[in-house]
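What follows is a set of notes on a single structure, which appears directly below.
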Amino acid sequence: MPNYWLMKSEPDAFSIDDLKKMQRSPWDGVRNYQARNFMQTMKEGDLVFFYHSSCTPAGIVGVATVSKEAYPDHTSWDPSSAYYDPKSTPEKPRWFMVDVEFTEKWPAILTLAELKLHPELADMLLTKKGNRLSVMPITADEWEYINLIAKK
DNA sequence: GCCAACGTTGGC
DNA sequence: GCCAACGTTGGC
């Protein structure tokens, strides 16, 4: 049994179409401890909702699969990177990333507004007010339900 | 562009 | 260890 996740990306920086072109990509730039800790528990084969944030509309646009488990995010010690963190070094990395593989793009975005309409999804971190977590776990029930409404 | 909500930093 | 100030996220 895989575990299920949701990961947010701003499509201007990295979209599901970018992943589709590349097929496989590191998910770098996560600079939040809670999100990092979740990534460190990911296993190869885990399934991920690809979420577009800070855009109109925001929502889930497809699915990716974890293809490599957590390893140090080298952009964190690269001074030329936008994700540079002087407190992270190759000897003592503070930030980690996983690799993901393109799995499917949905025919239409499943918007946050629609997700919020379903009482079945009211317990999700995603639909809660003020939530800013960029990597979060999804229950098997939520995974199944969301796939259902995405494809109806 | 606005602003509410949240996480992090740093002074004490 | 507290908490105010600050910076960032992210929906609208």
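Throughout, a chain's letter reflects where its sequence line sits, starting with A, and its residues are numbered from 1. What you are looking at is a predicted structure, and each value in this text was computed from that prediction instead of being measured.
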* Structure fact -> Heavy-atom nearest pair, V100(A) first then L19(A), reads O-CD1, 3.9 Å
* Asked: Using the ring of each side chain (for Trp, its six-membered ring), is W143(A) parallel, tilted or perpendicular to F49(A), with breaks at 30° and 60°?
  -> parallel
* Test the K68(A)-Y71(A) pair against the cation-pi criterion, namely NZ or CZ under 6.0 angstrom from the six-membered ring centroid and within 45° of the ring axis. => yes
* Asked: What string of B, S and - do you get for nucleotides 7-12 of chain C 5' to 3' if you count protein non-hydrogen atoms under 4.0 Å?
  -> BBBBSS
* **Below 4.0 Å: OP1/OP2 of dA5(B) and any side-chain N or O of K129(A)** => yes
* If every non-hydrogen atom of V30(A) is compared with every non-hydrogen atom of A35(A), which pair is closest and at what distance? -> CG1-CB, 3.6 Å
* Report whether W5(A) and V63(A) are members of the same hydrophobic cluster (ILVMFWY, side-chain heavy atoms less than 4.5 Å apart, transitive linking). => yes
